[in-house]
Number of protein chains: 2
Amino acid sequence: MLKEERQQTILSEVELHNRILLTDIAEALDVSIDTIRRDVKELDGDHKLRKVHGGAISLGFTTNSTRNNNIYRLEDKSTIAQKALALLKDGAVIFVDGGTTCLELARLLPTELDLTCFTHSLPVAMELLTKPNVTVIMVGGQVSKESQTAIGANAIHNLSEIKVDYSFIGTGYVDSQYGLTEFDWDIVQVKKAVIKCAKKTVLLSISEKLNSQHRYKTCEINAINTMITELHPENKLLNPFREHDIRLL
Amino acid sequence: MLKEERQQTILSEVELHNRILLTDIAEALDVSIDTIRRDVKELDGDHKLRKVHGGAISLGFTTNSTRNNNIYRLEDKSTIAQKALALLKDGAVIFVDGGTTCLELARLLPTELDLTCFTHSLPVAMELLTKPNVTVIMVGGQVSKESQTAIGANAIHNLSEIKVDYSFIGTGYVDSQYGLTEFDWDIVQVKKAVIKCAKKTVLLSISEKLNSQHRYKTCEINAINTMITELHPENKLLNPFREHDIRLL
DNA sequence: TCTTATTTTGCGTCTTTTTGCTAGTTTTTA
DNA sequence: TAAAAACTAGCAAAAAGACGCAAAATAAGA
């Protein structure tokens, strides 16, 4: 049997069943396991499949980068996410909210970081899946079309059953007086549940949102333990927040 | 024997069997291996076939595998999804499994169709969000990196609390004798729960998977109410399934 | 037909590729 | 934590390929 032919067979099997065992293929094609191992390694090198311990899996599943390079103030959000990374240590259990700032945090997680991440955001979950050492747990529930996050009673109930070290959340509006507020009532309910399930809550917000408010209240400002903006912590724009017991980064 | 004539023979052999061994051809035509090697090299130069170590393979064989889109057998899967659409009526409550065939079903849902869709697959959920009249409910749980679906005890528990009209599921392997089987134990557990929560279960599978099996069993074949392949329902490949109480589409 | 130029073919030698095996290490699993 | 499975690396045998060369076949012109 030709090498090329064998590799085609391997590829087809992987595409067909999504995953294969090297031993199965070796037996089926009646060649040594080493040969299959070399074939798979080569196909992996050509990005035709992904080699894993003991077998191979199809790329169809793993390669999907929902690159949206149309994010407002991406630079600032990236800065914020970078600062947030400093809070993370191996073994931490965290919750990551939806929104582009939190998505940026997910994107910038170092590949070697060992985490357990809860999220109710589909894009965040997708992004986290690319991090080999991150365990991703999706909080289910009805999914909002606009925010692409699970909301509603079910999501809130699921959140009530978990406890995390840190919650990283975004907000629609934030004000040193009025706290965190939102345009949407359902979102507020979920965010309340998120804050409740966290030992410490970290707010990620670009400075543009400071001193703004809206209809529905998520929480008082001192429900937040750490607030991260793209500004230097000493920036005078942050002065109104210094009266409260908040760590500024 | 003329050189032209010999090269024609080589070409037709390649077309016929998709591949040839240089040694076989040399012996059959009673010329030295060097001659065949030169012929094949020349034909490769003319893009009539592809030369590989030890032989040659037809171009069709390779272009077939050079997937321009990375979904294997997308055409067939699309056909299957089209057929599945016929089962759906406004107001239905369904579950959609992970996998590329089910993803294709989600993709092809008409925008005007009014549905409630449960899913444990992140890509399917994302796709369903683009359908204005579909209510999407994500079944949460730990998310598998390979399949990008929620699995594990939590997902199974969540599934135990819902009841849907139809479950559309895929499978790794299906056989009329051995039923539906999978490579992965965790996936089997989830699929069992999916079948349990559905009044009727619809299996979507390309015909290439028929008569294949693997280690872990999801269910007997008669746990499936409807099986949809890309084949015509009267196709003889489906005969083994006619003995069971399955509707074929 | 004969001679000559050109192409094609087969052979020998040497290099490269492929493959299976062994030994030692790492990863997974129970 | 120990056994089992999988991985890595290196080696050697066998198969395949490259290349030069000379013989054979073919073509062409006198």
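Every chain is numbered from 1 and lettered A, B, ... according to where its sequence line falls, protein lines coming before strand lines. All figures in this text were calculated on a predicted structure; none of them were measured in a lab.
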### Query
What are the 5'-most and 3'-most nucleotides of DNA chain D lying under 4.0 Å from any heavy atom of chain B?
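That gives a stretch of D:dA16 to D:dC19.
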
Are [X] and [Y] close enough that a side-chain donor and a side-chain acceptor fall under 3.5 Å?
X	Y	answer
A:H120	A:D97	yes
B:Y72	B:E208	yes
A:S32	A:T35	yes

### Summary
Result for 5'-nearest mapping on DNA chain D, choosing between B:K51 and B:L2, is B:K51

To the nearest Å, give me how far apart [atom1] ([X]) and [atom2] ([N]) are.
X	N	atom1	atom2	answer
A:K3	C:dT18	NZ	P	4 Å
B:E4	C:dT8	CD	C1'	13 Å
A:R6	C:dT18	CZ	P	9 Å

### Query
Just by modelled atom types, is the A:H157 backbone N or O under 3.5 Å from a matching donor or acceptor in the A:S160 side chain?
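Checking the backbone N and O of A:H157 against the side chain of A:S160, a donor-acceptor pair under 3.5 Å is found.
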
### Query
When you look at B:S121 and B:Q148, which way does the side-chain hydrogen bond (donor to acceptor under 3.5 Å, both in side chains) test go after all the steps?
CA-CA 6 Å; B:S121 158; B:Q148 299 184 162; over 6 Å; no

### Message
Give the residues of residues 15-42 of chain B touching DNA chain D, defined as any heavy atom closer than 4.0 Å, sorted by residue number.
### Response
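B:L22, B:T23, B:D34, B:R37, B:K41 - these, ordered by number, are the residues of the stretch whose heavy atoms sit under 4.0 Å from the strand.
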
### Message
Would A:K77 and A:E104 count as a salt bridge (charged side-chain N to carboxylate O under 4.0 Å, His left out) here? Give the steps.
### Response
CA-CA 7 Å; A:K77 289 173 177 175; A:E104 195 57 23; over 6 Å; no

### Closest heavy-atom pair and its distance - B:V40, B:L49
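The answer is O-CD1, 3.8 Å.
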
### Message
Heavy-atom count check: over 12 atoms from other residues, nucleotides or ligands less than 6.0 Å from B:D245 CG?
### Response
no

